[in-house]
Amino acid sequence: MIILPQRFYQDRPDNVARKLLGKILVRIYIGQRLSGMIVETEAYFGPEDPASRARRGGNLARVMASQPGIALVYGIHRQWLLNVVAHPPGGVGAILIRAIQPLEGIDVMKRLRKVNDLRQLTNGPGKLTRALAVDKSFHGKPLYSKETGLWIEDYMNVPVSKVARSGRIGVTEDLEEPYRFYIVDNPFVSVKKR
DNA sequence: CGCCAGATTGACT
DNA sequence: GTCAATCTGGCGG
């Protein structure tokens, strides 16, 4: 298993969002491996992006401009959402991990989520953080190291023919270009759209 | 400290 | 399809 190195995230957010499809998100929870393959992501940019938290300033904007490869966790509607900071040197940006396909520790994840249906386990940004017991304590911690018990491993490269794009979900004001990436026909993608 | 919008989810018509 | 629970973070006072 190879943990994605920090330089993996030193690229434009849309490139990193695309590259993260097919990689594995791993969480060590009470000594056990919980994991899933990333099947859906969204790229967020700097202040020029109307849907980006970077526009609002404050701590989140600072973190989005800091070290690529660190986690950005923030709360909305009582859920935690997991992002990875990604941008070229001097840039601003982050990737929202919107859905994973469960691989390891499924029973534990079901217990944490209080659901039995595999399809419903991690097919949404708030659902997967709950299933992996990811919370604010990971905010600002590196995802390119085993230290914190949360990281992303290399796994497979998804061929271009299996990647689809759409506008970002749930945002009130989006950019012209579609910045949501997902694996075609994967049953764990959160919502169908266009 | 109060206000309030929001990258959601799940329950319900 | 609609809708509200529920809470974080930013900002104004």
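Order of the sequence lines fixes the chain letters, A, B, ..., with proteins taken first and strands second; residue numbering starts at 1 for each chain. Scope of the values below: all heavy atoms of this structure, side chains included, with no hydrogens, waters or symmetry mates.
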Heavy atoms of Y155(A) and G22(A) approach each other most closely as CB-O, 3.1 Å
Note: L128(A) and I97(A) closest approach over all heavy atoms is CD2-O, 3.6 Å
Reading nucleotides 8-13 of chain B from 5' to 3' and marking B where a protein heavy atom lies under 4.0 Å of the base, S where only the sugar-phosphate is that close, and - otherwise, the string is BSS---
D11(A) side chain to H87(A) side chain, donor-acceptor N/O pair below 3.5 angstrom: no
- Query: So, K127(A) and N123(A): side-chain donor and acceptor under 3.5 Å apart, yes or no?
  - Reply: yes
Nucleotide [N], atom [atom2] - distance to [atom1] of [X] in whole Å:
| X | N | atom1 | atom2 | result |
| --- | --- | --- | --- | --- |
| D174(A) | dG6(B) | CG | C1' | 15 Å |
| D135(A) | dC7(C) | CG | P | 14 Å |
| R56(A) | dC4(B) | CZ | P | 15 Å |

pair_partner(dC3(C)), Watson-Crick or wobble, both distances < 3.5 Å, evaluates to dG10(B)
Go through it in stages, so that I can follow the logic: the residues are E177(A) and Y179(A), the test is side chain to side chain donor-acceptor pair (under 3.5 Å), and I'd like the CA-CA distance, side-chain angles, deciding distance and then a yes or no. CA-CA 6 Å; E177(A) 288 281 309; Y179(A) 286 117; 4.7 Å; no
Salt bridge (Lys or Arg N to Asp or Glu O under 4.0 Å) pairs touching residues 28-40 of chain A, sequence neighbours excluded, are R33(A)-E104(A), R33(A)-E153(A), E40(A)-R98(A), E40(A)-R180(A)
Name the nucleic acid region contacted by N83(A), choosing base, sugar-phosphate or nothing; use a 4.0 angstrom heavy-atom cut-off, strictly under. base
